[in-house]
Amino acid sequence: MTDPTPPAATDFIRDIIDEDLRAGRHAGRVATRFPPEPNGYIHIGHAKSVCLNFGLARQYGGTCNLRLDDTDPAGESMEFVESIIRDIHWLGFDWEDRLFYASDYFEKLFAFAVELIKKGDAYVCSLSPDEIRERRGSFTEPGRESPYRNRSVEENLDLFERMRAGEFADGAHVLRARIDMAAPNIVLRDPILYRIKREPHYRTGTQWVIYPMYDFAHCLSDALEGITHSICTLEFENNRPLYDWIVERLIAANRPKQIEFARLSVSYTVLSKRRLIQLVQEGHVRGWDDPRMPTVSGMRRRGFPAEAIRNFCAEIGVAKNDNLVDMALLEHCVRDGLNERAPRAMCVLRPLKVVIDNYPEGQTEEFDCANHPQRPEMGMRKVPFSRVLYIEREDFMEAPPRKYNRLGPGREVRLRNAYIIKFASLVKDEKTGEVTELHCTYDPATRNAPPADGRKVPGVIHWVSAAHAVPAEVRLYDRLFTIEDPGSEEDFLQYLNPQSLESLPACYAEPGLQNAEPGSAYQFERVGYFCADEKESQSGRPVFNRVVPLRDSWTKIAGKG
RNA sequence: UGGGGCGUCGUCAAGCGGUAAGACACAGGAUUUUGGUUCCUGCAUUCGGAGGUUCGAAUCCUCCCGCCCCAGCCA
């Protein structure tokens, strides 16, 4: 695998690692992990964490494990595990033989819990969920100790074993850490370590009826794997004292350290798992890999290069500020990657028929077109030309505004890679008044050559020969939401963009696009970057997703009048 | 309200006591058979605010203001 890590700028996490290395901590080792819960697909925010964790390992010659943090069977599944594996690999990272599951540690975690009980640091609490909440206190008031807090070690041990054995109903008992009910940090008010939950686990089946909580499982999983730097997001900052509390009691040496950074937000989309699940389950999008989704699968299907996502993650940096990164930056990274390597092609999205009156009927000729104007090594291709063509409807205007340099009555325009044509007449639908056909004449002397008289024809438009055109479906995607920060709105669905998908079923593409490989990306010149849909595109009937439009300075000019 | 965290250009983000990097966005201009690409140019006398320390402060101190996170048997 080639090095997928863009040159890493420095950040506060790298500073910490540098300092640890300088101080000789962890025996010079750097071990990180990416710990998703398999209850959904990973998204661009996870990609930031993936790039960080795997990037750190690569940079410091360390390792990064993939660990499925599957301690709550509700909602977790193998389908999600598989998608996560697929997506991280696609992003360009690999964990070799270090694929782990928190569920593989259940037995060890149970033993750790027993050890904690024996030390007098944990107890079985038999309060109801409501009673526990009630006694937790509030931001301003301390909590009250559980009446079960001082059970004997023997009783705790017995009860905990019987919890495991399935003798009690869900919620009847819980294992709690004995810390401090008056702690100002609520996380420390005797947090729950284990709960009884009769829910089949996608990996352990019905083997367990008790499951460890995140706070207990995560830090110990880190320790078991020899993680040195456990990197997570800011909302876990309050949990760090608990992380340390557990590790200090159960792990003798090489204790992992938790470091928190700000999670990513991107404008005009949502990244919270809850909201993404809702979009999928309520059918607002067509699944987790809908090209409008900010999921890795969605972005892949949309046609975003993995490299673009990596560059984006490098570009946004790592810090502790709350942030809302401009979607325009992601799009910039996508264009940047695609501009380099996407072969150019011509495709007319909204066709308008053009007849070249002075071009011989039945004649066809082929033009040599560069696959990339700046990269001759990408070669040439033949594109057929004949008397009847299709051009883009918006490349003709009956009453063109100022600075419009395309076709109009009396005007000339250059057909890309071909001739200069001149408007002759137009045909309208009698009822609607809509222009249905254009008649033009061509200047044979301008075949891939400037006009001999030196006249300037600034406009260049794309075209497809009608007789050779391949019908294609093109899907235009736009931002999923109409407001910058839909994630901050409770009724975020209200801001769904009704125009986020526009399907154009009757487009015409140049012949070479007939067999576009699913997943391959092209630049449709003057229009944007497009990618043959990996699921629905087929030879003879290609379906293209618009990855991102080309930058467009015309609409700005037009907007100014 | 108790605790934890954060405030540097429209958006990200460097800066770690020596006088505000870079990227995106935006605005001009050049080149162009993609109104694309590329290339120039401009874009924070100022770092949430007010005091203080210092020859010198975005960086240190004090107070104030604002935003985010925590009261799941979720992660």
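Labels below follow one simple rule: chain letters A, B, ... track the order of the sequence lines, proteins then strands, and each chain is numbered from 1. As the structure is a prediction and not an experimental result, all values here were calculated from the model.
One atom, CG of Asp215(A), and another, P of rA75(B), lie 8 Å apart when rounded to the nearest Å. Summarising the geometry, the separation between CZ on Phe312(A) and P on rA13(B) is reported as 11 Å, rounded to the nearest angstrom. Look at CZ on Phe261(A): it is 13 Å from P on rA14(B), rounded to the nearest Å. When the P atom of rA25(B) is taken as reference, atom OH of Tyr268(A) falls 14 Å away, rounded to whole Å. Atom NZ of Lys273(A) is separated from atom P of rC74(B) by 16 Å (rounded to the nearest Å). Residue Asn339(A) contributes atom CG, which lies 13 Å from atom P of rC24(B) at whole-angstrom precision. Atom P of nucleotide rG2(B) and atom CD of Glu141(A) are separated by 13 Å, given to the nearest angstrom. Leu188(A) places its CG atom 14 Å from the C1' atom of rA71(B), with the value rounded to the nearest Å.
A gap of 14 Å separates the C1' atoms of rC43(B) and rG22(B), to the nearest Å. Going from the C1' atom of rA71(B) to that of rG66(B) covers 24 Å, rounded to whole Å. When the P atom is used for both rA13(B) and rG48(B), the distance is 14 Å, rounded to whole Å. rU54(B) and rA58(B) have their C1' atoms separated by 15 Å, with the value rounded to a whole Å. Comparing the P positions of rU8(B) and rC55(B) gives a spacing of 30 Å, expressed to the nearest Å. Between rC40(B) and rU31(B), the distance separating the two P atoms is 15 Å to the nearest Å. Rounded to whole Å, the P atom of rA57(B) lies 12 Å from the corresponding atom of rU19(B). Spacing of P atoms, rC64(B) relative to rG2(B), comes out at 12 Å, to the nearest Å.
Between the side chains of Arg151(A) and Ser126(A), a donor-acceptor pair is found at a separation under 3.5 Å. Judged purely by distance below 3.5 Å, without hydrogens or angles, the side chains of His332(A) and Arg551(A) never pair a donor atom with an acceptor atom. Residues Arg344(A) and Asn371(A) have side chains that never bring a donor and an acceptor to within less than 3.5 angstrom of each other. Residues Thr295(A) and His43(A) bring no donor and acceptor atom of their side chains to less than 3.5 Å of each other.
In this structure, of rU33(B), rG5(B), rC73(B), it is rG5(B) that holds the atom nearest to the side chain of Leu234(A). Checking rC68(B), rU33(B), rU34(B) against the side-chain heavy atoms of Pro373(A) singles out rU34(B) as nearest. Nearest to the side-chain atoms of Arg551(A) among the listed nucleotides rA14(B), rC26(B), rG35(B) stands rC26(B). You'll find that the side chain of Gln374(A) is closest to rG36(B), out of rC12(B), rG35(B), rG36(B). Among the nucleotides rU1(B), rG4(B), rC73(B), the one closest to the side chain of Ile132(A) is rC73(B). Considering only the side chain of Asp15(A), rC16(B) comes nearest among rC24(B), rC16(B), rC73(B). The side chain of Pro184(A) lies closest to rG3(B) when the candidates are rG3(B), rA13(B), rU1(B). Considering only side-chain atoms of Asn405(A), the nucleotide from rG72(B), rG35(B), rA75(B) that sits closest is rG35(B). Taking the side chain of Arg136(A) as heavy atoms from C-beta on, and the options rC73(B), rC24(B), rG35(B), the nearest nucleotide is rC73(B). For Leu550(A), counting side-chain heavy atoms from C-beta on, the closest listed nucleotide (rA75(B), rU34(B), rC6(B)) is rU34(B).
Below the 3.5 angstrom threshold, one finds a donor paired with an acceptor across the side chain of Arg414(A) and the base of rU33(B). With hydrogens and angles left out, the side chain of Asp552(A) and the base of rG35(B) share no donor-acceptor pair within 3.5 Å. No N or O donor and acceptor, one from the side chain of Arg335(A) and one from the base of rG36(B), sit under 3.5 Å apart. With hydrogens and angles ignored, a donor-acceptor pair closer than 3.5 Å exists between the side chain of Arg344(A) and the base of rU34(B). Scanning atom types as modelled, no donor and acceptor separated by under 3.5 angstrom connect the side chain of Asn323(A) and the base of rU11(B).
Glycosidic conformation of rG42(B) is anti; the angle lies outside 90° of 0.
Note on Ser138(A): a base of the nucleic acid sits closer than 4.0 angstrom, heavy atoms only. When heavy atoms are screened at a 4.0 angstrom cut-off, Ser488(A) is found touching no nucleic acid atom at all. Residue-level contact check: Lys197(A) touches the backbone only, with heavy atoms under 4.0 Å from sugar-phosphate atoms and none from bases. Using a 4.0 Å heavy-atom cutoff across all strands shown, Asn239(A) reaches at least one base atom of the nucleic acid. Residue Asp72(A) is classed as a sugar-phosphate contact, given heavy-atom separations below 4.0 Å to backbone atoms only.
Nearest-nucleotide positions on RNA chain B for Val527(A) and Val174(A) put Val527(A) closer to the 5' end. Nearest-nucleotide positions on RNA chain B place Glu237(A) closer to the 5' end than the other of Glu237(A) and Trp554(A).
Across all strands shown, rC47(B) forms no Watson-Crick or G-U wobble pair with both key distances under 3.5 Å. Pair assignment for rC6(B): rG66(B), on the basis of Watson-Crick or G-U wobble contacts that are both within less than 3.5 Å. A 3.5 Å limit on both hydrogen-bonding distances identifies rG42(B) as the Watson-Crick or G-U partner of rC26(B). When Watson-Crick and G-U wobble pairs are counted only if both distances are under 3.5 Å, rA75(B) pairs with no nucleotide at all. Summarising the base pairing, rU34(B) is matched to no nucleotide, lacking a Watson-Crick or G-U wobble pair whose two defining distances lie under 3.5 Å.
Ring pair His218(A)/Tyr243(A) is tilted by interplanar angle, where 30° to 60° counts as tilted.
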### Task
Report the C-alpha separation of Asp70(A) and Tyr202(A) in whole Å, then their side-chain angles, then the decisive distance to 0.1 Å, and conclude whether the side-chain hydrogen bond (donor to acceptor under 3.5 Å, both in side chains) test is met.
CA-CA 9 Å; Asp70(A) 51 1; Tyr202(A) 74 102; 2.7 Å; yes
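The ring of Tyr419(A) has its center closer than 6.0 angstrom to the ring center of Phe367(A).
Stacking here means ring centres nearer than 5.5 Å and ring planes tilted less than 30 degrees, and by that measure Tyr214(A) does not stack onto rA75(B). Phe139(A) qualifies as a stacking partner of the rC70(B) base, centre to centre under 5.5 Å and near-parallel within 30°.
Using a 4.0 Å cut-off between a side-chain N of Lys or Arg and a carboxylate O of Asp or Glu, Glu37(A) and Lys273(A) do not qualify as a salt bridge.
Cation-pi geometry between Arg203(A) and Tyr101(A) is met: the NZ or CZ atom falls under 6.0 Å from the ring centre, inside 45° of the normal.
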